[in-house]
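Before any comments, here is the structure.
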Number of protein chains: 2
Amino acid sequence: MSAISKFIKKKRREAGLTQEEFAIRSGLGLRFVRELEHGKETVRMDKVNQALSMFGMEAVPGKKDE
Amino acid sequence: MSAISKFIKKKRREAGLTQEEFAIRSGLGLRFVRELEHGKETVRMDKVNQALSMFGMEAVPGKKDE
DNA sequence: AATATTTATACCCTTAAGGGTATTACATAC
DNA sequence: GTATGTAATACCCTTAAGGGTATAAATATT
């Protein structure tokens, strides 16, 4: 599971949001939110960044291991 | 320009590779490499990670500003 | 300056991402 | 047990991402 997928799932739950509520608030499709959290690797980066921006984050290069 | 785009462009040049050479070595399409470095936002995350993995990196959540 | 190299756009095609919706599975209650 | 809320899969459709190739522009290099 990617760091991004795990991050979104964790943060969303901490915010007390369902996938549906998160989808609505972020302007993303519910199916996309599900697939992103489920670890789908072929998602589009703009949508990923749209999700991350809900928590003031964006996709950046990071060390692979650790 | 996204942090990832800038990172790839910078690292590729530091490695002394042309976009074409980088495309070949990473197994990505030349056109994709061009569009990624040019800042296209709708690229696919798996391809982005394939590019980042050339430098031992992957897309992770990071603070937006700074 | 001219020339070679690298990078950027534009064309068409195939494939699949994302959306909507419905259905199914999985919880956590009651 | 049944009901309720949440999450996961499956269907079809529209749109566009990515590949290949060709051409144009930009950037060295001499």
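A, B, ... follow the sequence lines: proteins, then strands. Residue 1 opens every chain.
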Take the protein atom CD of Glu35(A) and the nucleotide atom P of dA8(D), then report the distance between them rounded to whole Å. 11 Å
Give a yes/no answer on whether the side chain of Lys9(A) brings an N or O atom under 4.0 Å of OP1 or OP2 in dA7(D). no
Residue mapping more 5' on DNA chain C - nearest nucleotide basis, Leu17(B) or Gly27(A): Leu17(B)
Provide, to the nearest angstrom, the distance between the CE atom belonging to Met45(B) and the P atom belonging to dA17(D). 16 Å
Where Thr42(B) and Arg44(A) come nearest, the two heavy atoms and their spacing: O-CG, 3.4 Å
Using the rule that two of Ile, Leu, Val, Met, Phe, Trp, Tyr join whenever any of their side-chain heavy atoms come within less than 4.5 Å, decide whether Phe7(A) and Val48(B) are in one cluster. yes
Looking for any heavy atom pair under 4.0 Å, which part of the strands does Arg31(A) touch: base, sugar-phosphate only, or nothing? base
Rounded distance in Å - CG (Leu36(A)) to P (dA17(C)): 14 Å
Looking at every strand, decide which applies to Arg34(A) at a 4.0 Å heavy-atom threshold: base, sugar-phosphate, or nothing. base
Give me the one residue out of Arg13(A), Lys9(A), Arg12(A) that meets side chain to side chain donor-acceptor pair (under 3.5 Å) with Glu37(A). Arg12(A)
Rounded to the nearest angstrom, tell me the gap between atom CZ in Phe32(A) and atom P in dA17(C). 12 Å
Can you find a side chain N or O atom of Thr42(A) that sits less than 4.0 Å from OP1 or OP2 on dA17(C)? yes
Please work out if Arg12(A) contacts a base, only the sugar-phosphate, or nothing of the nucleic acid, heavy-atom cut-off 4.0 Å. sugar-phosphate
Send over the distance from Glu37(B) CD to dT9(C) P, rounded to a whole Å. 13 Å
Looking only at side-chain atoms of Gln19(A), point me to the closest of dT9(C), dA7(D), dT7(C). dA7(D)
What is the distance, to the nearest angstrom, from the CG atom on Asp46(A) to the C1' atom on dA16(D)? 11 Å
Shared hydrophobic cluster for Leu52(B) and Phe55(B) (ILVMFWY, side-chain gaps under 4.5 Å): yes
According to a 4.5 Å side-chain heavy-atom criterion applied to Ile, Leu, Val, Met, Phe, Trp and Tyr, with indirect links allowed, do Val60(B) and Met54(B) form part of one hydrophobic cluster? no
Just how far, in rounded Å, is P of dG20(C) from CD1 of Ile24(A)? 11 Å
Take the protein atom NZ of Lys47(A) and the nucleotide atom P of dG19(C), then report the distance between them rounded to whole Å. 5 Å
If you check the Lys40(A) side chain, which of dG19(C), dA17(C), dG18(D) turns out closest? dA17(C)
